[in-house]
Amino acid sequence: MREFSVRPEVSDFDPYTPGLTIEQIRERYGLTSVIKLASNENPLGASPVVRKVVARDAAKIFRYPQNHTPRLVDEISLHLDVPKESVLVGNGSDEIIDMLLRMKARPGDNVICYKHSFSMYRMCAKLAGIEYREVERGENFELPLDKLAHAADEHTAMVFVTSPDNPTGQAATVEDLSVLAGVLPKDCLLVVDEAYIDFVWPPESYTPVQAYDRFENLVVLRTFSKAYGLAGLRVGFGIMPPQLAGYLKNARIPFTVNLLAEEAAIAALNDDPFYNETLDVVMRGREYFLKELPGLGCEVWPSQANFVMFQPPAPAQQVFKSLLERGIIVRPLASFGLPKCIRVNVGTDAENKQFIATLGEILNG
């Protein structure tokens, strides 16, 4: 068979490896029901309002969407009180990350994050041929913003901060992010990934979007996959300086956000009852996990996200497999460099109780 040469960054690339699907787990273990608490998805599923909108507009899918999703941009601008010229919608926030790295960073540049973080930053940097640097976290996995500041140099194109952080759930305050943005090199962007920002409390303490006009080098990333329940439609957005947003719009490929995703996102933004119910369920479940897990001998870290990270008193991979055999999917964190830890996202009240009961049975032998 003929072999083709590709860039070195591609030939030795370590791809993302998804877990088994619910259907595959049912078949493998002979289960009738499976509870998935592994991917930080919305515990309530998709909004009934959104499902009606998708069904209503399904007949339109033979049409191309309007490029750059201007109607959704207008809704986001109104919803967050930011200039529409600063809003860029993408096929998930992952597309915005990829575009930023390919269009902002130059050969010889570097980007910086911290250890045990979201793998997309490293993956996209490698594919773009950009050096990816990591700094150490604190003893309790604190976000090392001071270390990020010290690591940045004149060749640093951007610094990534995930807040709330995946997988720890910790969040940086607006004040801390303001300080970091102010000390970075002149041409360096501070990219704050706020995929889980809807779940912080109190919200005014954590998101710099509310003071967006104070920043000149800030990019904020958000997604519709979590609080809005649209993970399968792949839609997210970035808020950034208007000039940068304009460059990215000019250079991107067209039609990356599909027609149904735009309609669903507009509907989701305006469905306050579903959004508020999601927050109620998540915050109630998060407190339940933080209360119950220590009683099972687990070390637990505080969280501002829709998940909790914990270290069980037994080997994490063993606990993960035992839960899987009983029909409960959680996320072991060896791929994050945390082989002793597990991440579990909040489900419905019934799912949360089933998880705690089953984990107790496993840990108590």
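Residue numbers start at 1 and run along the sequence shown.
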Which heavy atom of S77 sits nearest a heavy atom of P83, and at what distance? OG-C, 3.8 Å
Do I239 and L218 make a side-chain contact, defined as non-hydrogen atoms from C-beta onward lying under 4.5 Å apart? no
Student check: side-chain heavy atoms of I35 and F355 closer than 4.5 Å: no
Check L338 against P167 and note the closest heavy-atom contact, atom names and distance. CD1-CG, 3.9 Å
Using a cut-off of 6.0 Å, state whether more than 12 heavy atoms not belonging to R51 lie near its atom CZ. yes
If we ignore angles and hydrogens, is there a donor and acceptor under 3.5 Å between the side chains of T256 and R252? yes
Charged N to carboxylate O under 4.0 angstrom, R137 versus D165? yes
Check whether any side-chain heavy atom of P164 sits under 4.5 Å from a side-chain heavy atom of F199, and report yes or no. no
Hey, is CD on E325 packed in by over 12 heavy atoms from elsewhere, all under 6.0 Å? yes
Does the gap between the ring centers of F160 and F118 come in under 6.0 Å? no
Could you tell me whether K186 and E154 have a side-chain N and a carboxylate O separated by less than 4.0 Å? no
Under a 4.0 Å threshold between the charged nitrogen and the carboxylate oxygen, would D74 count as salt-bridged to R71? no
Between E351 and K353 (salt bridge meaning N to carboxylate O under 4.0 Å), is one present in this structure? no
Treating N42 as the side-chain partner and A227 as the backbone partner, does any N or O pair qualify as donor plus acceptor under 3.5 Å? yes
Donor-acceptor pair, side chain of E262 and main chain of L72, under 3.5 angstrom: yes
Can a side-chain donor-acceptor contact be found between Y288 and D349 if the only test is distance below 3.5 angstrom? no
Will you find, in the side chains of E194 and T207, an N or O donor that is under 3.5 Å from an N or O acceptor? yes
Without hydrogens or angle criteria, can the side chains of S225 and R234 be said to hold a donor-acceptor pair below 3.5 Å? yes
Any chance CG of D81 has more than 12 other-residue heavy atoms, nucleotides or ligands included, within less than 6.0 Å? no
Are any non-hydrogen side-chain atoms of R286 and Q304 less than 4.5 angstrom apart? yes
Which pair of non-hydrogen atoms, one from A171 and one from L143, has the smallest distance, and what is that distance? C-CD1, 3.9 Å
Is there a salt bridge (charged side-chain N to carboxylate O under 4.0 Å, His left out) between K52 and D57 once you walk through the steps? CA-CA 9 Å; K52 288 180 181 178; D57 292 328; over 6 Å; no
Got a sec: does the CZ of R106 have more than 12 other heavy atoms crowding it under 6.0 Å? no
List the steps, then state whether side chain to side chain contact (heavy atoms under 4.5 Å, CB included) holds for I356 with L296. CA-CA 9 Å; I356 290 295; L296 298 177; 4.2 Å; yes
Charged N to carboxylate O below 4.0 Å: is that the case for D198 and R222? no
Do NZ/NE/NH1/NH2 and the carboxylate oxygens of R133 and D153 come within less than 4.0 Å? yes
Compare all side-chain heavy atoms of L190 with those of V192 and state whether any distance is below 4.5 angstrom. yes
Decide whether T358 and Q354 meet the rule of one side-chain donor and one side-chain acceptor closer than 3.5 Å. yes
Would you please test Y114 and V161 for side chain to side chain contact (heavy atoms under 4.5 Å, CB included) and show each step? CA-CA 8 Å; Y114 39 78; V161 175; 4.2 Å; yes
Do you see a donor-acceptor pair shorter than 3.5 Å between the side chains of Y121 and T162? yes
Please tell me if the side chains of N352 and F289 come closer than 4.5 Å, counting only heavy atoms from C-beta onward. yes
For the pair E136 and K115, find out whether any cationic side-chain nitrogen is under 4.0 Å from an anionic carboxylate oxygen. yes
Just by distance, do the side chain of Q24 and the backbone of T21 share a donor-acceptor pair under 3.5 Å? yes
If every non-hydrogen atom of N345 is compared with every non-hydrogen atom of L37, which pair is closest and at what distance? OD1-C, 2.8 Å
Can you check whether V159 reaches L189 side chain to side chain, under 4.5 Å on heavy atoms? no
Mind checking whether F310 and W301 have ring centres under 6.0 Å apart? no
With a 3.5 Å distance limit and no angle check, can you tell me whether D271 reaches the backbone of A267 through a side-chain donor-acceptor pair? no
Write down the atom of V281, the atom of G347, and the distance for their closest heavy-atom approach. CG1-O, 3.6 Å
Taking atom NZ of K291 as the centre, does the number of heavy atoms from other residues, nucleotides or ligands within less than 6.0 Å exceed 12? no
Taking the six-membered ring of F307 (Phe, Tyr or Trp), confirm whether the NZ or CZ of R343 is under 6.0 Å from its centre and within 45° of its axis. yes
Between Y228 and F274, ring centroids under 6.0 Å: no
Is the shortest heavy-atom distance from the side chain of I96 to the side chain of M240 under 4.5 Å? yes
Please check if the number of heavy atoms outside Q243 that lie under 6.0 Å from its CD is greater than 12. no
Determine whether more than 12 heavy atoms belonging to other residues, nucleotides or ligands lie under 6.0 Å from atom CD of E204. yes
